[in-house]
Amino acid sequence: MSLYFQRHRRLRTTPAMRNLVRETYLHANDFIYPIYAVEGEDKKQEISSMPGVFRYSLDRLEEEIEEVVNLGIQSVIVFGVPEHKDACGSEAYAENGIVQQATRKVKQWAPQLVTMADTCLCQYTDHGHCGMIHNEDVDNDASLEILVKTAVSQAAAGADVIAPSNMMDGFVAAIRQGLDNAGYQNIPIMSYAVKYASQFYGPFREAAKSTPQFGDRKTYQMDPANRREALREAASDIEEGADMLMVKPALAFMDIIREVKDSFDLPVAAYNVSGEYAMIKAAAQRGWIDEKGITLEMLTGFKRAGADMILTYFAKDAARWLKEID
Ligand code: PBG
């Protein structure tokens, strides 16, 4: 009498066999690489908590863009780190603001690169919040007008995608209307629809100098404990005209990526944020983990969870590793 059971190992016998049955693949064109642009000249400043990630002045940025393009990466998102900050974040929408200048340059050097603009105020306000402050609180509706101006100025500078990350209610509706009125009907909005108030943003705030000077972001960013609320956030952004949805952070929110993917039919982006990058880099520097193996496993996990694209500081490393494998 023979014992009956399933032999799952039959499909794992050789690399070729495993390749035949593999369900999820990573490609360089899944990635969106974050770029930090600073004012000044001849600057290439490494961010201490993000080894391998630099802030570039415009005269040094071309080398970075060239590398990105040569690695087969097809998209970047540009963050500006301005010198001058004020209460209403006026550098965010200045025609010659740092993001506007960087965007124009990137599009000049690499017109084919999908160049996204992060539409938020926290890098530009002296209080470090993502909107305007009234009575020690972020004033939702007063912030919308500034965000619309910012988005329109980014589109005017050549941004191919507007990616608003500020978490004000109604920001997608307001920005869609503002873009349409200014003649940018064809510029899509990638909404940071589901953005949690996360500790994983720590290194970004060092890089972008955007730490809130009082309080925190919990009255506008989501509580990490909430799942159903994520679906409400995503649903309203779709109604308001979002073209793509983002879930952020990614690693501790893989269930949310899956849920958003299953619930809606828009493309889903996962933002593998600064703290997730820092953790892996730090452990790898100590020799505690295999950086390449762990990173590719994590990125594959985001795709398996439902992400169509991944914003990641690992984009260049991963694109290099994927070339080695091929
Ligand atoms: C702006 C913004 C943040 C990030 C992207 N856009 C920071 C924040 O909300 O505090 C974080 C990105 C990262 O950690 O890599 N609001």
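Counting starts at 1 for both ligands and their atoms, in listed order. Numbering starts at 1 and runs along the sequence shown. Scope of the values below: all heavy atoms of this structure, side chains included, with no hydrogens, waters or symmetry mates.
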- prompt: Quick one: side chain to side chain donor-acceptor pair (under 3.5 Å) pairs with a partner in residues 166-177, sequence neighbours left out?
  reply: R176-D180
Side-chain polar contacts of residues 188-197 - donor-acceptor pairs under 3.5 angstrom, sequence neighbours left out - could you list them?
from: S191; atom 1: OG; to: A193; atom 2: N; distance (Å): 3.3
from: S191; atom 1: OG; to: D237; atom 2: OD2; distance (Å): 2.5
from: Y192; atom 1: OH; to: D118; atom 2: OD1; distance (Å): 2.6
from: K195; atom 1: NZ; to: S165; atom 2: O; distance (Å): 2.9
from: Y196; atom 1: OH; to: N226; atom 2: O; distance (Å): 2.7

Atom pairs and distances, ligand 1 N/O vs protein N/O under 3.5 Å:
from: ligand 1; atom 1: 6 (N); to: K248; atom 2: NZ; distance (Å): 3.3
from: ligand 1; atom 1: 9 (O); to: K195; atom 2: NZ; distance (Å): 2.8
from: ligand 1; atom 1: 9 (O); to: Q221; atom 2: NE2; distance (Å): 2.9
from: ligand 1; atom 1: 10 (O); to: R205; atom 2: NE; distance (Å): 2.7
from: ligand 1; atom 1: 10 (O); to: R205; atom 2: NH2; distance (Å): 2.7
from: ligand 1; atom 1: 10 (O); to: R217; atom 2: NE; distance (Å): 3.0
from: ligand 1; atom 1: 10 (O); to: R217; atom 2: NH2; distance (Å): 3.3
from: ligand 1; atom 1: 14 (O); to: S274; atom 2: N; distance (Å): 3.2
from: ligand 1; atom 1: 14 (O); to: S274; atom 2: OG; distance (Å): 2.7
from: ligand 1; atom 1: 15 (O); to: S274; atom 2: N; distance (Å): 2.8
from: ligand 1; atom 1: 15 (O); to: Y313; atom 2: OH; distance (Å): 2.6
from: ligand 1; atom 1: 16 (N); to: K195; atom 2: NZ; distance (Å): 3.0

Residues 128-137, side-chain donor-acceptor partners within the protein, below 3.5 Å, at least two apart:
from: H129; atom 1: ND1; to: Y220; atom 2: OH; distance (Å): 2.7
from: H129; atom 1: NE2; to: F214; atom 2: O; distance (Å): 2.8
from: H134; atom 1: ND1; to: D139; atom 2: OD2; distance (Å): 2.7

field: ring-ring contact (aromatic ring centres under 6.0 Å, His included) assessment of F54 paired with Y36
entry: CA-CA 7 Å; F54 300 84; Y36 295 107; over 10 Å; no
message: Do the side chains of E62 and K105 get close enough for a salt bridge, i.e. N-O under 4.0 angstrom?
response: no
message: Is it true that S49 and E206 share a donor-acceptor pair across their side chains at a distance under 3.5 Å?
response: yes
